[in-house]
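Keep in mind the model is a prediction, meaning the values are calculated, not measured.
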2 protein chains.
Amino acid sequence: MSERRRQVRSEAASARPRKTKAVPDALPAAEDEPRGIQPKTARGEATRRAILDAAERVIGAKGFSEASIGAITREAGCAQGTFYIYFKGKEEVFSELVLEMGRLVRRALTQATANIPDRLAAEKAGLRGFLDFVAAHPDLYRIIQEALFVDPAAYRAYFSSFAEGYRSALADAEAAGQIRPGDCDVRAWALMGIARALGERAVIWEDRTPVAEVVDAAHDLIVHGLQPRGDKP
Amino acid sequence: MSERRRQVRSEAASARPRKTKAVPDALPAAEDEPRGIQPKTARGEATRRAILDAAERVIGAKGFSEASIGAITREAGCAQGTFYIYFKGKEEVFSELVLEMGRLVRRALTQATANIPDRLAAEKAGLRGFLDFVAAHPDLYRIIQEALFVDPAAYRAYFSSFAEGYRSALADAEAAGQIRPGDCDVRAWALMGIARALGERAVIWEDRTPVAEVVDAAHDLIVHGLQPRGDKP
DNA sequence: TCAAAACATGAATAGTGATTCATGTTTCAT
DNA sequence: ATGAAACATGAATCACTATTCATGTTTTGA
């Protein structure tokens with residue numbers, strides 16, 4: 001019991017793969033896919049997809065470290081070795097899932113808010129679109145949360161992309177006089193936080209309150225705040 | 001490749017300990033601490049504390065599954081075996097950390113909002129207290145996020161306690177006419193979401209914006225909402 | 001139709017780290 | 001001061017699974 005309080009070194013920032021017996025590094029260093037190749041046929045595409053979908057379900061249900069490759073391939077209906085035809089390792093499927101989640105959410109939000117010029121109205125439609133999406137993809141939602149530790153870069157990229165888009169949307173609306181002036185960066189994070197919390201309430205807490213009710217209540221808060229006797233037109 | 005889409009069974013809800021060789025269950029079934037005892041002396045208390053603190057740092061830095069008992073005890077400055085004198089296993093320290101986080105945050109919030117009868121003012125003080133707290137305990141903050149998978153019960157307990165307290169505080173304020181009428185449950189979750197997101201921005205994104213600025217901007221949003229031309233007294 | 005390319009298999013390998021335990025050392029009550 | 005209770009040690013055990021690989025099977029293109 002001596003030097004307490006030492007700084008914990010993050011040591012490679014996260015998980016590392018098993019050691020390979022002989023690392024023959026002497027090549028010009030460039031290519032990055034000794035394994036984990038894109039399928040070339042429809043059959044391969046279907047198998048890869050099956051594994052990815054199975055991974056979503058298994059990792060979403062058990063969490064990253066409890067989800068074994070064996071469980072994933074069993075769920076996908078193929079042999080363990082097949083997994084490594086399409087993915088370099090466990091981390092790689094996970095990262096793909098996080099990316100997919102990002103793509104899908106962005107698409108959902110884009111569609112939900114398309115052609116809505118008013119920011120306050122867009123805010124409501126976006127919240128509704130988000131809550132509908134997470135209700136339809138509870139596994140992906142839980143997966144994002146694990147990314148903070150399993151793939152920090154993907155985690156940050158996921159939220160950064162939303163934060164930046166949100167911030168500039170608010171800045172535009174502010175310039176157009178559609179919303180109250182204020183710090184758009186902080187407000188973007190705050191609004192993302194609201195959406196995230198309500199999504200979690202629905203998915204993790206399995207709250208059954210109809211989405212429309214939740215959206216109405218939250219949107220009232222977002223528009224008018226907590227203050228009493230607000231101006232009602 | 002056959003029965004796809006099978007339901008993934010959560011299988012014991014989370015991690016399970018290694019199998020013990022011979023389980024001699026035949027006793028009346030009641031006691032639950034074959035290991036993991038409370039220290040009886042000051043020396044033991046200090047060691048237990050050292051391990052808990054080390055676990056906070058190591059798990060906070062590397063995440064639960066990457067944090068080995070060896071790393072924790074090394075950080076604590078004791079032998080691996082010592083760990084099992086005070087904790088039944090890895091999960092147990094983790095759960096303690098989540099509980100401790102809950103206790104500390106609750107205390108911080110109670111102190112920050114003590115003797116502030118007005119809800120809107122309390123809201124601001126509470127947000128400030130929370131952000132100050134997470135800045136001082138970044139490790140604990142990250143740990144909560146992992147609890148969703150490592151110890152779901154603790155995760156839910158942590159947020160439930162806040163949600164319920166928050167909800168009833170809002171309900172009281174609403175009854176007293178201090179805030180706008182509305183769904184207090186949804187609003188409680190939304191406000192928690194704001195705090196959580198801003199805490200994350202500070203801790204995970206290491207954003208350096210002064211806390212006071214963040215609090216002012218967020219509080220303006222919380223009080224007045226996004227709508228333009230709000231009533232300014 | 002046939003060789004090559006793609007896919008698929010699952011048993012074997014092997015790294016890892018949680019947990020135990022037989023053996024000391026320290027502290028406490030009397 | 002002294003035996004018992006507490007505490008501490010760290011090497012050894014051993015379950016667990018990610019990953020590999022030698023060997024088939026299926027699909028594709030000409």
Side-chain angles (χ1 to χ4, degrees), chain A residues 1-2 11-12 15-24 33-51 54-55 58-59 62-74 76-94 150, chain B residues 1-2 11-12 15-24 34-51 54-55 58-59 62-94 150:
Chain A
M1 197 116 23
S2 49
E11 205 160 279
R16 70 267 111 117
R18 302 294 207 228
K19 191 193 300 175
T20 330
K21 48 182 68 173
V23 187
E33 312 146 52
R35 302 274 156 182
I37 251 57
Q38 289 304 90
K40 306 274 172 68
T41 70
R43 182 190 175 206
E45 182 59 54
T47 302
R48 191 190 134 96
R49 189 72 239 170
I51 293 173
V58 175
I59 296 179
K62 306 156 86 124
F64 181 77
S65 55
E66 289 299 308
S68 65
I69 302 293
I72 292 172
T73 51
R74 205 176 312 123
C78 66
Q80 286 199 198
T82 307
F83 179 95
Y84 293 91
I85 294 174
Y86 301 106
F87 301 97
K88 275 211 279 266
K90 214 173 149 186
E91 317 256 323
E92 195 176 273
V93 236
F94 185 86
V150 178
Chain B
M1 197 109 31
S2 47
E11 205 161 277
R16 70 266 112 115
R18 302 296 206 227
K19 191 193 304 176
T20 331
K21 50 181 69 174
V23 188
R35 303 274 157 184
I37 250 56
Q38 289 303 80
K40 306 274 172 69
T41 70
R43 183 189 174 207
E45 182 59 54
T47 302
R48 192 190 132 96
R49 189 72 238 170
I51 292 173
V58 175
I59 296 180
K62 307 157 87 126
F64 182 77
S65 56
E66 288 300 306
S68 65
I69 302 293
I72 292 172
T73 51
R74 206 176 312 123
E75 175 82 8
C78 66
Q80 286 200 196
T82 306
F83 179 95
Y84 293 91
I85 295 174
Y86 301 107
F87 301 96
K88 275 211 279 266
K90 214 173 150 186
E91 317 256 323
E92 195 176 273
V93 236
F94 185 86
V150 178

Under the side chain to side chain contact (heavy atoms under 4.5 Å, CB included) test, residues paired with A/T82 that sit two or more places apart: A/T47, A/I51, A/C78, A/A79, A/I85, A/Y86

Holding to side chain to side chain contact (heavy atoms under 4.5 Å, CB included), I want the full list of residues that pass it with B/A55, two or more places apart in sequence or in another chain. B/I59, B/I72, B/V93, B/L97

Round to a whole Å and report the spacing from NZ of B/K62 to C1' of C/dG17. 12 Å

Per atom distances to the A/C78 side chain, the nearest of C/dA18, D/dT19, C/dT9 is C/dT9

Whole-Å gap separating P (C/dA8) and CZ (A/F87): 12 Å

Considering all heavy atoms of both residues, which atom of B/A67 and which atom of B/K62 are nearest to each other, and what is their separation? N-CB, 4.4 Å

Taken to the nearest 0.5 Å, the spacing of B/K90 NZ from B/S65 OG works out to 6.0 Å

May I have the distance from B/E66 (atom CD) to C/dG15 (atom P), rounded to whole angstrom? 17 Å

Calculate the interatomic distance between A/F64 atom CZ and D/dC16 atom P; express it in whole Å. 19 Å

Could you check how far CZ of A/R48 sits from P of C/dA8, rounded to whole Å? 13 Å

Under-4.0 Å side-chain N/O to phosphate OP1/OP2 contact, B/Y84 with C/dT19: yes

Round to the nearest Å and state the distance from B/I69 atom CD1 to D/dG10 atom P. 16 Å

Rounded to whole Å, the CZ-P distance (A/F83 to D/dT19) equals 7 Å

Base of D/dT17, side chain of A/Q80 - is there a donor-acceptor contact under 3.5 Å? no

Closest heavy-atom contact between A/A76 and A/A50? CB-O, 3.7 Å

First locate atom CZ of A/R74, then atom CD1 of A/I69, and finally report the distance between them rounded to the nearest 0.5 Å. 11.5 Å

How close or far is atom C1' of D/dT20 from atom NZ of A/K88, stated in whole angstroms? 16 Å

Between the protein and nucleotides 2-7 of chain C, which nitrogen or oxygen pairs are less than 3.5 angstrom apart?
unit_1: C/dC7; atom_1: OP1; unit_2: A/K40; atom_2: N; d: 2.4
unit_1: C/dC7; atom_1: OP1; unit_2: A/T41; atom_2: N; d: 2.8
unit_1: C/dC7; atom_1: OP1; unit_2: A/T41; atom_2: OG1; d: 3.4
unit_1: C/dC7; atom_1: O4'; unit_2: A/R43; atom_2: NH1; d: 3.4

Say you draw a straight line from CD of B/E92 to OH of B/Y84; how long is it, rounded to the nearest 0.5 Å? 11.0 Å

Selected nucleotide, minimal atom distance to A/A79 side chain, candidates C/dT9, D/dA18, C/dA18: C/dT9

